[in-house]
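Since the structure is predicted, the reported quantities are computational estimates derived from the model, not experimental observations. Sequence positions, counted from 1, serve as the residue numbers for this chain. Both backbone and side-chain heavy atoms feed into the values below; hydrogens, waters and symmetry mates do not.
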Amino acid sequence: LLPGRVDPQGSGDADPVVTKRGQIWPDFDPATNSHRWVVGWIVNYANLGSGPASNGHVVDSYDAPQTLVAAHAIPLVPHTQSGNTLDYNVGTLAVGGSGVVIIRTELPFNTTPGTVIRNTATVNSDNDSNTLNNTSVATVTVPILPPLITIPLAGTTCTGTVTVAGHAQPNVTVDLYVDNALATSLTADANGDWSTTLTLGAGNHDLYAVARLGSQSSDPSPTVTIVVDPTLFWDPISLRFVDDQGHVIIPSGRLDESG
């Protein structure tokens, strides 16, 4: 048979192919009450040959530290799992036949930014005429997320000395900027928490932070604008109230009408 010609008896050459792509995003798992990274992998397979592909299998392997969250095949086909490998038995794949496998994995949130996460998909059949397109490798890279300033709140008024605290990925360096100038650099702890104390002059000040690790840097955090008024004889940030049930209430520190 000539390549690419269809045999009238259906005995042309099979050519199963596979492609793969991935995407990573941060997620909160309510079952464990913790953050994690989730990776979505999409495997597309098809028979581009001129004859049916017999005894077809799509095999997907995901590297550590990934663990499987969920997997789904369209159309539905049986599969087996062995460690970090899923084997989908697609059976006979007709000429032009295709399908997709959607896989979701997770990895610890403290995975070092810059870590490359790898996934490999292969397709094969008993009568494959071209093995050069049987494997597809996809990777995603754990990013650095912008840190978050949690204290003080935007619009807070203080007397000049203010504690700035927030959250970032564990063990990254956090550069804290005041009015677009680097004020200090500090390291987030194993839980991602960080804090420092600043002494600021009177007026409005814009605070934001950038996380970095090695050559990687995050986007800036949302900007927090605070007001410093050294003429106050009390510090709004330091206020604490206790309700009838003994709960400590911490005001926002804002002195405007909506604060």
Side-chain angles (χ1 to χ4, degrees), residues 16-46 56-90 93 98-124 133-148 166-174 188-194 209-222:
V17 301
V18 66
T19 59
K20 177 157 204 160
R21 65 185 187 274
Q23 183 178 5
I24 186 171
W25 64 89
D27 182 63
F28 182 80
D29 184 3
T32 60
N33 197 35
S34 63
H35 290 88
R36 62 181 178 176
W37 291 104
V38 171
V39 187
W41 303 103
I42 297 180
V43 181
N44 293 97
Y45 63 92
H57 284 257
V58 175
V59 179
D60 184 89
S61 299
Y62 48 93
D63 291 354
Q66 298 175 87
T67 56
L68 184 66
V69 175
H72 182 67
I74 305 172
L76 290 173
V77 293
H79 78 276
T80 59
Q81 180 175 357
S82 177
N84 286 9
T85 298
L86 302 172
D87 186 343
Y88 289 84
N89 183 357
V90 300
L93 191 60
S98 64
V100 60
V101 178
I102 302 169
I103 299 169
R104 183 170 292 186
T105 62
E106 66 178 2
L107 55 149
F109 193 65
N110 62 0
T111 301
T112 303
T115 300
V116 176
I117 307 300
R118 176 185 172 102
N119 192 300
T120 303
T122 61
V123 63
N124 57 75
N133 51 15
N134 289 153
T135 301
S136 180
V137 178
T139 62
V140 297
T141 302
V142 177
I144 295 187
L145 299 174
L148 181 65
H167 193 76
Q169 287 162 270
N171 306 314
V172 300
T173 298
V174 177
D189 64 19
N191 295 319
D193 297 321
W194 56 270
V210 174
R212 57 183 172 85
L213 185 67
S215 60
Q216 293 191 95
S217 296
S218 74
D219 291 333
S221 70

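In this structure, the side chains of T112 and V142 stay at 4.5 Å or more apart for every pair of heavy atoms. Counting only heavy atoms from C-beta outward, the side chains of L86 and L68 approach each other to under 4.5 Å. D60 is listed as a side-chain neighbour of I103, based on a closest heavy-atom distance under 4.5 Å. Looking at heavy atoms from C-beta onward, N44 lies in side-chain contact with R21 at the 4.5 angstrom threshold. By the 4.5 Å heavy-atom criterion applied to side chains, V140 and W41 are counted as neighbours. For the pair Y62 and L107, the minimum side-chain heavy-atom distance is 4.5 Å or more. Side-chain atoms of I117 and P65, non-hydrogen and from C-beta on, do get closer than 4.5 Å to each other. Counting heavy atoms from C-beta outward, T120 and T135 have side chains that approach closer than 4.5 Å.
For the atom pair OG of S218 and CG of L213, the computed distance is 11.0 Å after rounding to the nearest 0.5 Å. In this structure, R104 CZ and Q66 CD are separated by 13.0 Å, a value rounded to the nearest 0.5 Å. Note that OG1 of T141 and CD1 of I24 are 8.0 Å apart. Values are rounded to the nearest 0.5 Å.
Between W37 and F109, the ring planes are parallel. Angles under 30° get that label, and only those over 60° would be called perpendicular.
The heavy-atom pair separating V174 from A168 by the smallest distance is CG2-CB, 4.0 Å. Here the shortest heavy-atom pairing between S217 and V210 reads CB-CG1, 4.4 Å. Between P75 and Y45, the shortest heavy-atom distance links the atoms CD-OH, 4.1 Å. Nearest approach of P113 to I144, heavy atoms of both residues: CB-CG1, 3.3 Å. Across every non-hydrogen atom of Y88 and H72, the tightest pair is OH-N, 4.4 Å. Contact record, P108 with T111: O-OG1, 2.7 Å, taken as the closest heavy-atom pair.
Identified under the salt bridge (Lys or Arg N to Asp or Glu O under 4.0 Å) test for residues 28-37, with sequence neighbours left out: D27-R36, D29-R36, R36-E106.
Across D87, N84, T85, a single residue satisfies side chain to side chain donor-acceptor pair (under 3.5 Å) together with S61, and that is T85.
Without hydrogens or angle criteria, Q169 side chain to P143 main chain gives a donor-acceptor distance under 3.5 Å. For S221 (side chain) and A209 (main-chain N/O), a donor-acceptor pair under 3.5 Å exists by modelled atom type.
H167 and D193 are linked by a side-chain donor-acceptor pair at a separation below 3.5 angstrom, with hydrogens and angles left out of the test.
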Next item on the list: Quick one: do T122 and V18 satisfy side-chain contact (heavy atoms from CB on, under 4.5 Å)? Show the steps, please.
Entry: CA-CA 7 Å; T122 61; V18 66; 5.6 Å; no
